[in-house]
Student: 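Have a look at this one.
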Amino acid sequence: MSNVLRPGTAAAAFAALLAGGAGAAADDRAADFAWRSRLVPEFHSLRGDSPFAAGIPLTAFGRERARFEQEAKGRLGPLNLRLTAQGNGMEGRAPVAKAIANEAYADFGSGADRFTLGKKVMSGDVGYGFRPLDVVQRENRRQLAAPALEGIPVGVWERYTADDAWSVIYANPAHGRRGQARQDESLALRYFRRAGAADLHGVARFSGRHGAEVGAAFAAVPDESLELHASVLVQRRGERMAVPVLAGPALLDPNRVLAAEGIRSPRRALAGFTWTWEGGWSVLGEAWWDGTAPGRGDWKRLLAQSAVRRGLASVPGVPTAAVSGATALSTRLYEVENLQRRNLLGRLAWTDPGGDGWSSALELLLTPEDRGRVATWSITREAGAWKIEAGLRRYGGAAGSAWRMFPERGAAFVAASLAY
Amino acid sequence: MCESRFVKFAAALAAAAGLFVPIPGAAAADVKSLLREADAYRMVGDTARVETEVRLFKGGALDKERRYAVYVKPGRRSLVVFKSPAERGQKLLMVGDDFWLVMPASQRPVRITPMQKLLGDASTGDIATLTWAEDYDGSIVGEEVAEGIPCLKLDITGQRKGVTYPRIVLYLAKAGHHPVLAELYVASDKLAKEARFRMETAEGRRQVGAMILTDRLQTARETEIRYLSRKAKSLGDEFYNPAFLIRAEIDE
């Protein structure tokens, strides 16, 4: 429900517009509007031998068939709006339509001091596959043909010089603690400094869930072809989704299938590089550690418990629905940001240097702890106002690895978008 | 790599043979002054907003059009705002040798390498770079007729690592010193593009109306960069801070 357009958000932005007045803009024009239509047919193949097969019919795995998005984006003075009407088609279910205010905010101020009020995308950090410092937006980096980001309700004060920037971000006012960390009320301080060939980033965030989170990052270009980046975050109070030790009837208790577990001072860190050379080729390599991810023991327990649940299904008196429901709930472990603590990502990409609009990329995500892997290939063609993307993703790895147990074997998509 | 070494060797040999020895009459001429004069035909003052249209031709037929607003400020600062519907939301910032890109999907500034800057429909370096005097120095190596116009021939090299083209052979009209032709070389010393400059009289002054780039690495491609308008406009220093790129004051 939180992502559905709420009149109050737009009203806040309009109020800010009236209160702040027009700031100094780069362009003299007062209004600017753009539209984009996007159709994304997709196909997901289920894994027949999944340990979660009993619960899959109760989940969304393998059901997504098509998505249509109509985006309107506009600027009127300091007021900015990005609205998306979205229709989703899922196998066996009636199509669902909704309207989302991705962004509705006013940017205003002048000189060194700038302000933002409303709902705005607040992405941060320097990584590609994982962004430890993205503590406000908390962008999902695993989605195929991802829809436009949805912003966070914020009040922001920023101070700029030529090389430094400070931001004080009050996010989700009066929310307190909600279901997800990105919905929590929080106060964050972000710092940016350009130091020669390097960018330095710092962040401190305070929230009821995590207490203090403090992190730093850098991105540097030491050579005309090489870019290096790294970031690290320490949380005072971490939280992870864990698989508790269960036996007997407790295995079917929907409230005990998974448990949020507190951890003290977990760390999240990433290091990576991008190498680009003539001919349009580039390679990206990243390694990261996520101290809030499930451990290998969690996945082993999940596999074992799934086998026991399957066995319970044939025990007289045990409701099949209870087995299916508990199994379906256990797949929520796949909703965490990283399935394992150690992750490696390699990405080979090519962009047509001649300007024909072709580009392609091959990505391989590895989890060395359990030897799981995800391979993704995509190809894009941009021609005029059209952009056509297509891609394939395959989940696999060693038996018992988290990605090998993933309820889907693979996915394919085509996305056609028209901008006007 | 072999070709690059051969080109460098040939250039050194030619220099040794006296082919590139600065001509005595022109040696006294200040190359920097000539470049400043040439720059004045593309810029209006030190700080400006230049509205630019890029048209890409393949086999002589128009393939695509793109529009950009380029804000230029002393200190080698350029801000490119992508204006076409298909690219709307993208911004590229160049500060000295450093480059940042913002894509609409992520809305966070990403530091990119000079090599990444060269990728895309038209090299953003071609669009964002409107001056030579600040970045290049060299010598006058002769006089030639280019495009039917008697010209001074300059061989200039980038004085910093971030320039789009480390070496340019530039032909400036002897009368008025407006740019006529430029041979643009990439880091491997390959001739990547040739730029021809179309002059026009607009807003009461003679200026470069368009730059036509012919790709020498991929033939049959031609890019026309038209300068639709030039206005003296100065943005605050904060606009050239990479963190500022996500703010809406920079028009999308």
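In what follows, chains are A, B, ... by sequence order, proteins preceding strands, each numbered from 1. Both backbone and side-chain heavy atoms feed into the values below; hydrogens, waters and symmetry mates do not. Predicted model only: the values in this text are computed from it and were never measured.
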Student: Roughly how far apart are B:Met115 CE and B:Phe99 CZ, rounded to 0.5 Å?
Tutor: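 Rounded to the nearest 0.5 Å, the CE-CZ separation comes out at 11.5 Å.
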Student: Measure A:Glu158 against the heavy atoms of chain B and call it side chain, backbone, both or neither at under 4.5 Å.
Tutor: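 Answer is side chain: those atoms of A:Glu158 sit under 4.5 Å from chain B.
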Student: Heavy-atom distance under 4.5 Å to chain B: side chain of A:Pro222, backbone, both or neither?
Tutor: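 The backbone, not the side chain.
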Student: So which part of B:Asp97 gets closer than 4.5 Å to some heavy atom of chain A, the side chain, the backbone, both or neither?
Tutor: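 Contact with chain A: none, neither part.
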Student: Check B:Arg205 with B:Glu200, please: is the shortest side-chain N to carboxylate O separation under 4.0 Å?
Tutor: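 Salt bridge absent between B:Glu200 and B:Arg205.
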Student: Heavy-atom cut-off 4.5 Å, strictly under: side chain, backbone, both or neither for A:Ala146 against chain B?
Tutor: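 Neither part; nothing is under 4.5 Å.
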Student: I'd like to know if the side chain of B:Arg111 and the backbone of A:Ala197 have a donor-acceptor N/O pair within less than 3.5 Å.
Tutor: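 Between the backbone of A:Ala197 and the side chain of B:Arg111 there is a qualifying donor-acceptor contact (under 3.5 Å).
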Student: Can you tell which part of A:Phe192 gets under 4.5 Å to a heavy atom of chain B, answering side chain, backbone, both or neither?
Tutor: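 Side chain only.
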Student: Most heavy-atom pairs under 4.5 angstrom with chain B, which of A:Leu149, A:Val121, A:Asp199?
Tutor: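 Between A:Leu149, A:Val121, A:Asp199, the count favours A:Asp199.
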Student: List the steps and the verdict of ring-ring contact (aromatic ring centres under 6.0 Å, His included) for A:Phe108 and A:Phe115.
Tutor: CA-CA 5 Å; A:Phe108 56 96; A:Phe115 304 90; 5.8 Å; yes
Student: Is A:Arg131 in contact with chain B via its backbone, its side chain, both, or neither, using a 4.5 Å heavy-atom distance?
Tutor: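 Contact with chain B involves the side chain of A:Arg131 alone.
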Student: Please state whether the side chain, the backbone, both or neither of A:Asp134 comes within less than 4.5 Å of a heavy atom of chain B.
Tutor: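 Neither part; nothing is under 4.5 Å.
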Student: Quick one: which of A:Glu139, A:Glu103, A:Arg190 has the most heavy-atom pairs under 4.5 Å with chain B, could you say?
Tutor: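 The option with the most such pairs is A:Glu103.
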Student: For A:Asp163, is it the side chain, the backbone, both or neither that has a heavy atom under 4.5 Å from a heavy atom of chain B?
Tutor: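 Contact with chain B is through the backbone of A:Asp163 alone.
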Student: For the pair B:Ser84 and B:Tyr68, evaluate side-chain hydrogen bond (donor to acceptor under 3.5 Å, both in side chains) and give the outcome as yes or no after the intermediate values.
Tutor: CA-CA 7 Å; B:Ser84 299; B:Tyr68 306 89; over 6 Å; no
Student: Measure B:Ala243 against the heavy atoms of chain A and call it side chain, backbone, both or neither at under 4.5 Å.
Tutor: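 For B:Ala243, heavy atoms of backbone and side chain both lie under 4.5 Å from chain A.
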Student: Taking the six-membered ring of B:Trp100 as reference, does the cationic atom of B:Arg108 (NZ for Lys, CZ for Arg) lie under 6.0 Å from its centre and within 45° of its axis?
Tutor: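 Here B:Arg108 fails the 6.0 Å and 45° test against B:Trp100.
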Student: Tell me, side chain or backbone of A:Leu418 under 4.5 Å from chain B's heavy atoms, or both, or neither?
Tutor: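 No part of A:Leu418 comes within 4.5 Å of chain B.
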Student: Can you spot which of A:Val168, A:Asp164, A:Asp113 makes a side chain to side chain contact (heavy atoms under 4.5 Å, CB included) with A:Arg159?
Tutor: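 With A:Arg159 as partner, side chain to side chain contact (heavy atoms under 4.5 Å, CB included) holds for just one option, A:Asp113.
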Student: Quick one: closest heavy-atom pair of A:Ala148 and A:Arg82, and the distance?
Tutor: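 That closest heavy-atom pairing would be CB-NH1, 3.8 Å.
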Student: Cut-off 3.5 Å, side chains only: do B:Arg49 and B:Tyr71 have a donor facing an acceptor?
Tutor: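 Indeed, the side chains of B:Arg49 and B:Tyr71 share at least one donor-acceptor pair under 3.5 Å.
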Student: What residue in A:Gly124, A:Ala219, A:Ser225, A:Ala383 has the most heavy-atom pairs under 4.5 Å with chain B?
Tutor: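 Sorted descending by pairs with chain B, the first entry is A:Ser225.
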Student: So which residue, A:Thr161, A:Thr274, A:Asp223, ends up with the most heavy-atom pairs under 4.5 Å with chain B?
Tutor: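 Heavy-atom pairs under 4.5 Å are most numerous for A:Thr161.
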Student: So for A:Tyr191, is it side chain, backbone, both, or neither that comes closer than 4.5 Å to the heavy atoms of chain B?
Tutor: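 No part of A:Tyr191 comes within 4.5 Å of chain B.
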Student: Given heavy-atom pairs under 4.5 angstrom as the criterion, report whether the side chain, backbone, both or neither of A:Phe33 touches chain B.
Tutor: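 It is the backbone, since no side chain atom gets that close.
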Student: So is A:Arg141 actually on top of A:Tyr128's ring, under 6.0 Å and inside 45° of the axis?
Tutor: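 Yes; both conditions hold, so A:Arg141 lies above the ring face of A:Tyr128.
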